[in-house]
Amino acid sequence: MKLNDKLYKMINDQIKHELESAYIYYSMVSYFVAEGLDGMAQWMTAQAREEMLHAGKFFNFIGERGGKVELQNLKIIKTNWTSPLEAFQDALAHEEFITGKINDLMKVAIEVNDFPAKVLLDWFVSEQVEEEANVGKVVQTLARVGDSGNGLFMLDRELGQRVFTPPPAQGE
Ligand code: OFO
C-alpha cells in the first residue's frame, strides 16, 4: 500500500528530527569531553548512536513502502552549556519534543489506517517512554548532586558504564 502523502511528509521530516537528535547529542559529547567528563561523554555517545538507528528505521520504512527519502539540512542548535545539568535538561526537553512528534505521527497513521506505520510507531512510542525516563533520571541525580565535586565524579563514573549495543544485522 502506497504511503499517504501527509504521512510520508511527516516520516520524512522525522528522519531530520532524529538526525538532529544525534547532532545535538554529539554536540553535548564534545562539551563533556572538553570538561573532562568522560563518563557523560560515553553515555551521550551511546545516545547519539541510538538516534542514528532511529533515523535509519524511518529511512528504511520509506524505501520499503516505495517512497524516496528527501534529506534536509540539519540545524546546529547549541554548542555549549554552562553545566552538565543544563545539558541534560536540554536533552530531556528535546526528548519531550520528539515524543510529541511521534504521537502526531501515530495520530495520522491511525487516521489513514496505515497498519504497518502503526506497528513501526508502536516501537517508537515505547522507546520514547524509555528515553524520557533515562534522561529524566540523570537530570534528577544531577539536581541532587548540585555543586558536589565528589557527587559529580561518582555520577560521571556510573554513566560511563553505558554501552551502545548495535542491533543484530538483518538475517541474523
Ligand atoms: Fe529518537 O529518540 Fe531520542 O530523540
Side-chain angles (χ1 to χ4, degrees), residues 3 7-33 37 39-65 67 69-81 84-110 114 116-143 155 158-170:
L3 264 179
L7 190 56
Y8 159 77
K9 191 184 171 312
M10 287 173 79
I11 296 176
N12 194 68
D13 285 349
Q14 191 64 26
I15 295 170
K16 175 173 97 91
H17 297 316
E18 299 289 346
L19 291 174
E20 272 177 356
S21 301
Y23 232 38
I24 293 168
Y25 297 150
Y26 272 124
S27 187
M28 288 178 183
V29 169
S30 138
Y31 161 71
F32 291 134
V33 169
L37 295 163
M40 293 189 191
Q42 155 103 2
W43 193 97
M44 211 42 101
T45 300
Q47 187 67 28
R49 294 183 71 187
E50 278 195 10
E51 299 303 347
M52 303 291 288
L53 290 177
H54 295 173
K57 278 180 187 274
F58 286 117
F59 192 102
N60 291 343
F61 186 75
I62 288 188
E64 281 161 5
R65 296 292 298 277
V69 172
E70 297 289 343
L71 288 179
Q72 304 170 47
N73 290 338
L74 303 183
K75 250 197 326 235
I76 290 273
I77 293 164
K78 207 163 160 176
T79 54
N80 216 5
W81 286 267
L85 176 61
E86 191 199 28
F88 275 92
Q89 279 169 333
D90 280 1
L92 182 58
H94 184 72
E95 286 307 325
E96 287 165 355
F97 163 78
I98 294 291
T99 300
K101 293 287 174 195
I102 297 292
N103 292 346
D104 290 346
L105 274 163
M106 182 62 109
K107 277 183 223 152
V108 175
I110 291 171
D114 192 316
K118 201 186 153 300
V119 170
L120 174 74
L121 290 163
D122 272 338
W123 184 89
F124 277 96
V125 168
S126 310
E127 177 71 4
Q128 282 310 117
V129 172
E130 208 181 288
E131 298 264 279
E132 284 192 31
N134 290 344
V135 183
K137 209 185 285 171
V138 182
V139 168
Q140 212 176 25
T141 312
L142 277 167
L155 179 63
E158 188 192 318
L159 294 181
Q161 306 299 311
R162 179 172 177 182
V163 190
F164 171 76
T165 320
Q170 270 180 358

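Heads up: numbering here begins at 1 and tracks the sequence. We count ligands from 1, going down the list as the structure has it; atoms in each ligand are counted the same way.
- Between D122 and K118 there is a salt bridge, since at least one side-chain N of the basic residue sits less than 4.0 Å from a carboxylate O of the acidic one.
- Qualifying side chain to side chain contact (heavy atoms under 4.5 Å, CB included) partners for K101, counting only residues two or more places apart in sequence or in other chains: Q14, H17, F97.
- Checked against the 6.0 Å centroid criterion, the rings of F88 and F32 qualify as a close aromatic pair.
- Around atom 1 (Fe) of ligand 1, the protein N, O or S atoms closer than 2.8 Å are E18 OE1, E51 OE1, H54 ND1, listed by chain and residue number.
- For CE of M106, the number of neighbouring non-hydrogen atoms (other residues, nucleotides, ligands) closer than 6.0 Å is greater than 12.
- Scored by the side chain to side chain donor-acceptor pair (under 3.5 Å) test, D90 finds K78, W81 as partners (sequence neighbours excluded).
- Partners of K16 according to the side chain to side chain donor-acceptor pair (under 3.5 Å) rule, which considers only residues two or more places apart in sequence or in another chain, are E20.
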